[in-house]
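Bear in mind that the values here come from a model prediction, so they are computed numbers and not experimental data.
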Amino acid sequence: MTARKHSKIRQFLLITNGLIFLAEAMLGPIYALFIADVGGSLLNAGIAGGVFAVVAGTLTLLVGKVSDWSGSRRLFVGVGYAIIGLGFALYTVVDSFAELLIVEAIIGAGQAIYAPPFSVLYSQHLDFRHPARQWGVWEAMTYYTTAIGSVAGAVIASKLGFDALFGVMSAFAFLSAVTVLWQPRRANLFMA
């Protein structure tokens, strides 16, 4: 595979992953306000974050193993993005703390399903003369999307409400999923 092809694949992965980070960042700074809006407390927000992390951490170990045996890491990435999109959409129906925990577990599962295979795909397409620079681009993308998402999420939620925000977040995640799962076959972007 040529250096140009590797570069295109990295760009593709950065864009789709950037949309996920952008969507996640839209809620991050105002998450506690959402929890309060559905009748929860700061303690509930902390517990919900803990549920997300435990589910994501536990499933990441399993998915890492399974995706090594899989013939298509791209499938894992796309399905993980779609599950995250579903979780973001489900925020619109959260009316209780129990429902919130279920949604956090779903989003944690999506995160676990896409993260290990994404890291492998990105790593496989690095130019190993400059791997730190290319991982630096990924890191910078996470910070820039966090900055943009934080402000955009606050603006959307304050002007249009949380349901509109969750719709935008979900749309970004589903756009990433569709792009990864149905990328043109002729582009032959992923070999693994």
With under 30° as parallel and over 60° as perpendicular, where do the rings of Phe34 and Tyr31 fit, or are they tilted in between?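 The rings of Phe34 and Tyr31 sit tilted, inter-plane angle from 30° to 60°.
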Parallel, tilted or perpendicular, as decided by the 30° and 60° cut-offs, for the rings of Phe21 and Trp138: perpendicular
Heavy-atom distance under 4.5 Å between the side chains of [X] and [Y], does that happen here?
X	Y	answer
Glu104	Tyr91	yes
Val93	Glu99	no
Tyr81	Leu175	no
Asn17	Tyr114	yes

Please determine whether residues [X] and [Y] belong to a single hydrophobic cluster, defined as Ile, Leu, Val, Met, Phe, Trp and Tyr linked transitively by side-chain heavy-atom distances below 4.5 Å.
X	Y	answer
Leu181	Val120	no
Leu165	Val155	no
Ile15	Met26	no
Trp135	Tyr143	no
Val151	Met141	no

Atom [atom1] in [X], atom [atom2] in [Y]: separation rounded to 0.5 Å?
X	Y	atom1	atom2	value
Thr16	Arg74	OG1	CZ	11.5 Å
Thr2	Lys8	OG1	NZ	9.0 Å
Leu75	Ile113	CG	CD1	10.0 Å
Ser170	Ile84	OG	CD1	11.0 Å
Gln11	His125	CD	NE2	13.0 Å
Glu24	Gln111	CD	CD	5.0 Å

Short question: side chain of Thr92, backbone of Ala89 - any donor-acceptor pair under 3.5 Å?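 Looks like yes, one N/O pair under 3.5 Å.
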Quick check: closest heavy atoms across [X] and [Y], and the distance to 0.1 Å?
X	Y	value
Gln134	Asp127	OE1-N, 2.7 Å
Leu27	Phe166	CD1-CE2, 3.9 Å
Thr146	Ser150	O-OG, 2.6 Å

Under the side-chain contact (heavy atoms from CB on, under 4.5 Å) rule, what do Leu33 and Phe162 come out as? Steps first, then yes or no, please. CA-CA 10 Å; Leu33 295 174; Phe162 279 109; 4.2 Å; yes
Tell me if the aromatic rings of Phe88 and Phe172 count as close, with their centers under 6.0 Å from one another. no
Do any side-chain atoms of residues 35-64 form donor-acceptor pairs under 3.5 angstrom with protein atoms, and if so which ones, sequence neighbours left out?
from: Ser41; atom 1: OG; to: Leu43; atom 2: N; distance (Å): 3.3
from: Ser41; atom 1: OG; to: Asn44; atom 2: N; distance (Å): 3.2
from: Ser41; atom 1: OG; to: Asn44; atom 2: OD1; distance (Å): 3.2
from: Asn44; atom 1: OD1; to: Ser41; atom 2: N; distance (Å): 2.9
from: Thr58; atom 1: OG1; to: Val54; atom 2: O; distance (Å): 2.8
from: Thr60; atom 1: OG1; to: Ala56; atom 2: O; distance (Å): 2.5

Please report the C-alpha distance between Leu14 and Tyr122 in whole Å, then the side-chain angles of each, then the deciding distance to 0.1 Å, and finally whether the side-chain contact (heavy atoms from CB on, under 4.5 Å) criterion is met. CA-CA 9 Å; Leu14 286 170; Tyr122 192 76; 3.9 Å; yes
Candidate pair Val66 and Phe76, rule side-chain contact (heavy atoms from CB on, under 4.5 Å), full reasoning: CA-CA 10 Å; Val66 173; Phe76 279 87; 3.7 Å; yes
